[in-house]
Each structure stands twice: as structure tokens, then as C-alpha cells.
Engineer: 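Submitted below is the structure of interest, expressed as C-alpha cells.
Only heavy atoms go into these numbers, but all of them, side chains included; no hydrogens, no water, no symmetry mates.
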Number of protein chains: 2
Amino acid sequence: MSGGVEWALHCCVVLTSVTEPVPAARLAQLHAVSPSYLAKQLQALSRAGLVRSVQGNAGGYVLTRSPELITVLDVVEAVDGPGPAFSCTEIRQRGPMAAPPQSCTVPCAISRAMAGAEATWRDALRSVSVADLARDVESDYGSGTLAGISAWLGTGGR
Amino acid sequence: MSGGVEWALHCCVVLTSVTEPVPAARLAQLHAVSPSYLAKQLQALSRAGLVRSVQGNAGGYVLTRSPELITVLDVVEAVDGPGPAFSCTEIRQRGPMAAPPQSCTVPCAISRAMAGAEATWRDALRSVSVADLARDVESDYGSGTLAGISAWLGTGGR
DNA sequence: GACAACTCGGACATCTGTTGTCCGAAACAG
DNA sequence: CTGTTTCGGACAACAGATGTCCGAGTTGTC
């Protein structure tokens, strides 16, 4: 699992509380991470259509839709790629005791088990929205936390 | 996700049907994969205590316990490592707006969401045993499939 | 009891994917 | 129109996975 997923999720939560575009460099400052690498993750979010990038003098990133409509799975797939983590090599069709192709109309039992597990994983991530995360943050660190971060981002909290 | 997991699972299913030790080289022949690399995966299974290795002239690998008691999760953790795929970097405690340590007694919301999803994934893998996989194989390719493979392994099916 | 053959086990290269960095293209504000 | 600020994709460095090899140990045989 790519470590950039964590950064992207934190950025999405932060972007919940702002209405003005926020540059990638500012987000990197806030989290004390590499600005160049964070930019790459934000590009992935932009490509996936989760955030909208505006260029120019007062540019930056903004969420494209309501945080309620952005799931954690969306972010994970945008950054880590949509493909399943487990890929079946179909080794049942190889070797001296290979299964005949006409018997391989459905995925093999091992592939089914792994795919089923990944499906539950995806369902769990799909059931949590970025808005839920933001709500939990407020609950964990006190109401007004995100408002404070938003203020820091807007003003020159350098 | 390591691709060797697939190999290890296939080997465990095959080992279901044998009582004599099977060398790694023979298993590699059966699946038409690299013998040296498969040996590494089997070593991991041995280290985890899922299979027992016997050396010497008629040596090889055997399951240490009934296939009913070996879950898919056991194999995945043995080969891929037990650690969670997502590791929280605690970036909430970094940067100018860092959360105070006394507020960080519990994992952050993002970490909780990811951990919960992984927990469901693990539960799904834990609910499937190697015996279940063997049963599915018999159901998919006809009863007696594993017996045929066992015979090929035992006799010099070269 | 000694020998020989066969097996596993860990140490050694190679290679793809992630991590990290940089500069050019585009766009907004003045 | 120009300068500044921003994103976007192309370019290296590193790590883990992939693949390979030979030595230590054990078993069966003579």
C-alpha cells in the first residue's frame, strides 16, 4: 500500500473546511512533508476528478463535490490505482497437470477467496466518506479544529 | 501484494491430498514455476509453522495440521508478513498545526478507517480454510482431481 | 559405521515499483 | 501585456520484491 494515501486523505479532510483554492506547497507546509511528492499525490486526485486544480496567482486545489460524496475508497483508488491488490496468474493452466481451458470459465477457488476479501475491504472503505472523517476529527480534537486550520491556510500563517 | 502468495496457496491445496513429504522441486514442476523462488515461499510457510520440512533422501514438505485448521489468512501472513498494509505515519503530530500529544491517545480517524477495512479483509480470509479451497477444487474440476495430482506427485510423473 | 545422494536453509544478484526531485507550460491578477 | 504564481509531467534515487545460487544438514543405503 502506497504511503501517499495517508497524505492524500489528510489533504482531503483539510480541504473540507476551505472554500478558496489551497496551493500544494501550503498543504505540504501544514503537514511537514515533501512539497514535491505531495504535489504528485494531488495530481492523482486531480486526474481522478476528486479535486479541481486552478492555476495562476491565487490558484490551488479545491474539492469538486460535497465531502459527503467522496468516499475513502475513491481516494485510495485514485492514489494507489484501481486494480486489485491480488492478481491471479492462472497457474492452474500451467504444468503437466494443467486444467483444461474449458474448465476455467470461472476464476479459480483461490482467486475467488481473495477477490471476496478485497470486496469486503472495498465496501468498508466505501462506507466512510471524507465528511465522516472530518466529523471524527472535530470530535477527537475539539470543535473548531478545522476552522483553525482553515484560518491558518487562508492567512499567511508562515 | 506479493505474487508468491498465490503459489503458496496452490501448494497448500496440493499438499492436502498427500501424506508423504513432497520436495519443493516437484511442486515447482507441477506448477511450472521457478523452483528456487518457490523454495523461498515454502521456507516462509515453514517458519510460520504451517508446514513441516523433512530433510534427507525422501524429504520434502508436509502440512503440520489438518487443512481445516489452516486459514487463507495464515498463508497470506506467512508469506507477505503479518504487518498491516497501511501504516499510519502520525502526520497529525507534525507541522505548525500539530495536534498536542495528549490528544493522540487513540489512533486518528483515518487510521481507524483503514484499520477497520483491513480487519474485515482479514476476517474474510480467516473464514476460508485450505480444506474449503480443496473442496472447491474438487467441485470445479471434478471429483478425483486432487487424487490424480497426488498420484503424479508420488510416482515418477516426470 | 562410512558413504553418497538428496533435501532444506540462508546468503547473493537483478529488476520493477515506489519515493523523491526538478524544471517547463499554462493561467490568473494587475 | 507582463510578471508572478501555480500545476503538470518528465527525470533520478531508493526499496522491496523477484529470481538464483551454493553450503549445511539429514536420511537412506551399502
Engineer: Any ion pair linking B:Arg135 and B:Asp140 (charged N to carboxylate O, less than 4.0 Å)?
Structural biologist: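 No salt bridge links B:Asp140 with B:Arg135.
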Engineer: For B:Thr120 and B:Asp123, test the side chains for any donor-to-acceptor distance below 3.5 angstrom and give the result as yes or no.
Structural biologist: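 No pair is found: no donor N or O on one side chain lies under 3.5 Å from an acceptor on the other.
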Engineer: Answer yes or no: does a side-chain N or O of B:Ser46 lie under 4.0 Å from OP1 or OP2 of C:dG9?
Structural biologist: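 For C:dG9, OP1/OP2 do have a side-chain N/O of B:Ser46 under 4.0 Å.
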Engineer: Mind checking if B:Ala24 touches a base, just sugar-phosphate, or nothing, with heavy atoms under 4.0 Å?
Structural biologist: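 Sugar-phosphate contact only - B:Ala24 comes under 4.0 Å of backbone atoms but never of a base.
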Engineer: Give the rounded distance in Å between these two atoms: CZ of A:Arg26 and P of D:dC7.
Structural biologist: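 Whole-Å distance recorded here is 11 Å.
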Engineer: Side-chain donor-acceptor pair under 3.5 Å between A:Thr145 and A:Glu138, yes or no?
Structural biologist: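 Not at all, the side chains of A:Thr145 and A:Glu138 share no donor-acceptor pair under 3.5 Å.
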Engineer: If you measure from CD1 on B:Ile149 to OG1 on B:Thr16, what distance do you get to the nearest 0.5 Å?
Structural biologist: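 So the gap between those two atoms works out to 10.5 Å.
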Engineer: Can you tell me the distance, in whole Å, between the CD atom of A:Gln55 and the C1' atom of D:dT4?
Structural biologist: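 Atom-to-atom, A:Gln55 to D:dT4, this comes out as 13 Å.
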Engineer: In whole Å, what is the span from the CG atom of A:Leu45 to the C1' atom of D:dG9?
Structural biologist: 16 Å
Engineer: Hey, could you give me each pair passing side chain to side chain donor-acceptor pair (under 3.5 Å) that has a residue in residues 40-54 of chain A? Not counting sequence neighbours.
Structural biologist: A:Tyr37-A:Gln41
Engineer: Return the value, rounded to whole Å, for the distance between atom CG of A:Leu42 and atom P of D:dC7.
Structural biologist: 8 Å
Engineer: With no hydrogens and no angle check, is any side-chain donor or acceptor of A:Ser2 less than 3.5 Å from a backbone partner on A:Gly4?
Structural biologist: yes
Engineer: Separation of B:Asn57 atom CG from D:dC30 atom P, in whole Å?
Structural biologist: 11 Å
Engineer: Less than 3.5 Å between a donor and an acceptor, one on the side chain of B:Gln43 and one on the base of C:dG10, is that the case here?
Structural biologist: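 Yes.
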Engineer: Would you indicate, yes or no, if D:dG8 has its OP1 or OP2 atom less than 4.0 angstrom from a side-chain nitrogen or oxygen of A:Ser53?
Structural biologist: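 So the side-chain polar atoms of A:Ser53 do come within 4.0 Å of the phosphate oxygens OP1 or OP2 of D:dG8, strictly under.
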Engineer: Mind calculating the distance between CZ (B:Arg52) and P (C:dT7) to the nearest angstrom?
Structural biologist: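 Going from B:Arg52 (CZ) to C:dT7 (P), I get 18 Å.
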Engineer: At under 4.0 Å between heavy atoms, how does the protein contact nucleotides 12-22 of chain C? Give one character per nucleotide, 5' to 3', with B, S or -.
Structural biologist: -------BBBB
Engineer: Under 3.5 Å, is there a donor on one side chain and an acceptor on the other for B:Ser129 and B:Asp132?
Structural biologist: yes
Engineer: Distance check needed: D:dT6 P versus A:Leu27 CG, whole Å only.
Structural biologist: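 Going from CG in A:Leu27 over to P in D:dT6 covers 12 Å.
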Engineer: Quick check on C:dG10: is either OP1 or OP2 less than 4.0 Å from any side-chain nitrogen or oxygen of B:Arg47?
Structural biologist: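 For C:dG10, OP1/OP2 do have a side-chain N/O of B:Arg47 under 4.0 Å.
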